[in-house]
Structures are given as C-alpha cells and as structure tokens.
Amino acid sequence: MKLATWNVNSLKVRLPQLLTWLAAQQPDVVFLQETKLQDGQFPRQEIAAAGYQVAFSGQKTYNGVALLTREAPTEIVFGNPLYPDEQKRLLTATVGGIGMVCAYVPNGQSIGSDKYLYKLEWLDALARWIAERIAANPQLVLAGDFNIAPDDRDVHDPETWAGQILCSAPERAAFQRLLGLGMKDSFRLFEQPEKSFTWWDYRMLGFQKNRGLRIDHILLSEPLASRCSAAAIHREQRKLERPSDHAPATAELSR
DNA sequence: ATGGTAGCCGCGCTA
C-alpha cells in the first residue's frame, strides 16, 4: 500500500499536476491539504475518473483537506470531535481496516501570536484525538502538513531558524508527543539524503537555493511502521511550472 | 534593510 501526502496550495490550480502525478505514482491513499475549495466545488468527477474515492472537508480561500482512496473510506469523521474548529483542517476515515488521519496543522505565523497559541492548542487536541484513535484501532496513519520541522536536520539553516516559527521548542515538543503515542516518522525509518525538505518559500529563490524545511510528514503507528518498506520526498514536483510550494511525500507498506 | 511570491472573488490576508 502506497501512501502519499501533499499540500497542493489550491486544488483548483494544482488539479492537472495532481492527476498526472497520481497516474505516474499510483498511490493507494492520498492525503491532501490546502485544497482551498468549498465542498460544492470539489472536482469529484476528475478524481473519480482517476480511480479514486474521496472524502473531503473544505472552505473557500483557506485550508481544506481531502482523502483520496482506492478502497471506499468508511467511518468518516470531519474535524476533531475533541476540539470544535471552524477551520477545515482535519479528516479521519478508515480504509482497508487502517485508520487514516489527514491533518493541516495551523501555520502559527509567529511565536507568541494568537495564531501560534491556536496552533499549540490545536496540536494538543490532535494528540488527544490520535491517542483515542490508536486505542480504537492500533493501525493508524497520521499524515499531512504539520508545519513543524521536527529536528535541525529538517532545516536548511538551523541557526537562522532556531526558535522561530515551525522550529520552536513547543512545536517540536508537540511533534514528539505524537511520537510518544507510538507513531513513527516514516521518512526517518530509512537512510535519507542530507538536506531533504518538503517546503520551500516561493520568495527569494527559496527552492533554487534549497532553502527549505521538512514539515510534511507521514507518521505510522508501530504495527504499520514495521511493515514500511520505503519513504521518499518527490521534490521534482517543486520544479514544475506553477508548482505548489510543497512537494509530496510518500511511504510504502508491504503486505 | 521586515524585503520577496503565490493564491484567494482581493481592494488585505494567509502562507
């Protein structure tokens, strides 16, 4: 089973790229973030024609998450029942007996801002939700845009970014709390190239200079981590004309 | 030097 996560930064703009990428990569489950589409505008037909079922939760202009699956998703839960939230950032479903949680963690803007406090609250509630889901089904995938670079090796310039948004100690502690629930960072189950990132700022030639961060992750509960045979970042997507500022990440499960 | 770029029914906001 091949899992993929991608912050597409507008599904409307990125739909042609997504369809081409799906045909090339043939993932079984795709976690999308920043669809920026109201549910009525979701491109159901195009996704169905590509061979995927969908569950989605969107709003206009901002946020929006979707799950594309070969097998029908069941037990779909919109948002976090433990944290009422107007913003459409979380989607949970069961696919082939595996719990799938698609997350678009708040960016946080800057340390100490209202948005930062919201981010930390949101992450606290996410951890509680994940604990509940693992207890219900030990096979769980949590994937999406975490807006957290877990470690200095996930940062192009750790000194400049030290303590900054996406890298601060409380954000990293929130990420570690998810690992403490038994989730594994699939990317780090394998040897990886240095300076592997999933996001590069559109500004200041960020991608050309590889000034990136690894903030998009596929976390696997222990029974799934033991089945994981590969994990990769598809940075070639960031080289295309009119790219998302994020590249997709994938993880493969054997058996 | 707080810059810069992309996306959104925009006239600023979020990332």
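Just the heavy atoms: all of them, side chains too, but no hydrogens, waters or symmetry mates, feed the values below. Residue numbering restarts at 1 for every chain, and letters A, B, ... go by the order of the sequence lines.
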Whole-angstrom distance between B:dC9 and B:dT14, as gauged at atom P: 16 Å

Nearest-Å distance once atom P is located in both B:dC11 and B:dA1: 31 Å

C1' atoms of B:dT5 and B:dG10, separation to the nearest Å: 16 Å

Set of residues satisfying salt bridge (charged side-chain N to carboxylate O under 4.0 Å, His left out) with respect to A:R203, sequence neighbours excluded: A:D201

Gap in Å between the two P atoms, one belonging to B:dC8 and one to B:dG3, rounded: 24 Å

A:R172 with A:D152: basic N within carboxylate O range, under 4.0 Å: yes

Per-nucleotide protein contact string for nucleotides 7-15 of chain B, where B marks a base within reach and S marks sugar-phosphate only (heavy atoms under 4.0 Å, - for neither): SS----BSB

Distance-only donor-acceptor pairs under 3.5 Å for side chains of residues 91-106 of chain A, two or more places apart:
from	atom 1	to	atom 2	distance (Å)
A:T92	OG1	A:W129	NE1	3.0
A:T94	OG1	A:E75	OE1	2.8
A:Y104	OH	A:E34	OE2	3.4

Which residues share a side chain to side chain donor-acceptor pair (under 3.5 Å) with A:D39, sequence neighbours left out: none

Qualifying residues under side chain to side chain contact (heavy atoms under 4.5 Å, CB included), relative to A:T5, sequence neighbours excluded: A:F31, A:Q33, A:A143, A:I218, A:A249

Value in whole Å for how far the C1' atom of B:dG4 lies from CZ of A:F207: 18 Å

A:F146: partners by ring pair (Phe, Tyr, Trp, His ring centres under 6.0 Å), with sequence neighbours left out: A:F175, A:H217

Nearest-Å distance once atom P is located in both B:dG7 and B:dT2: 26 Å

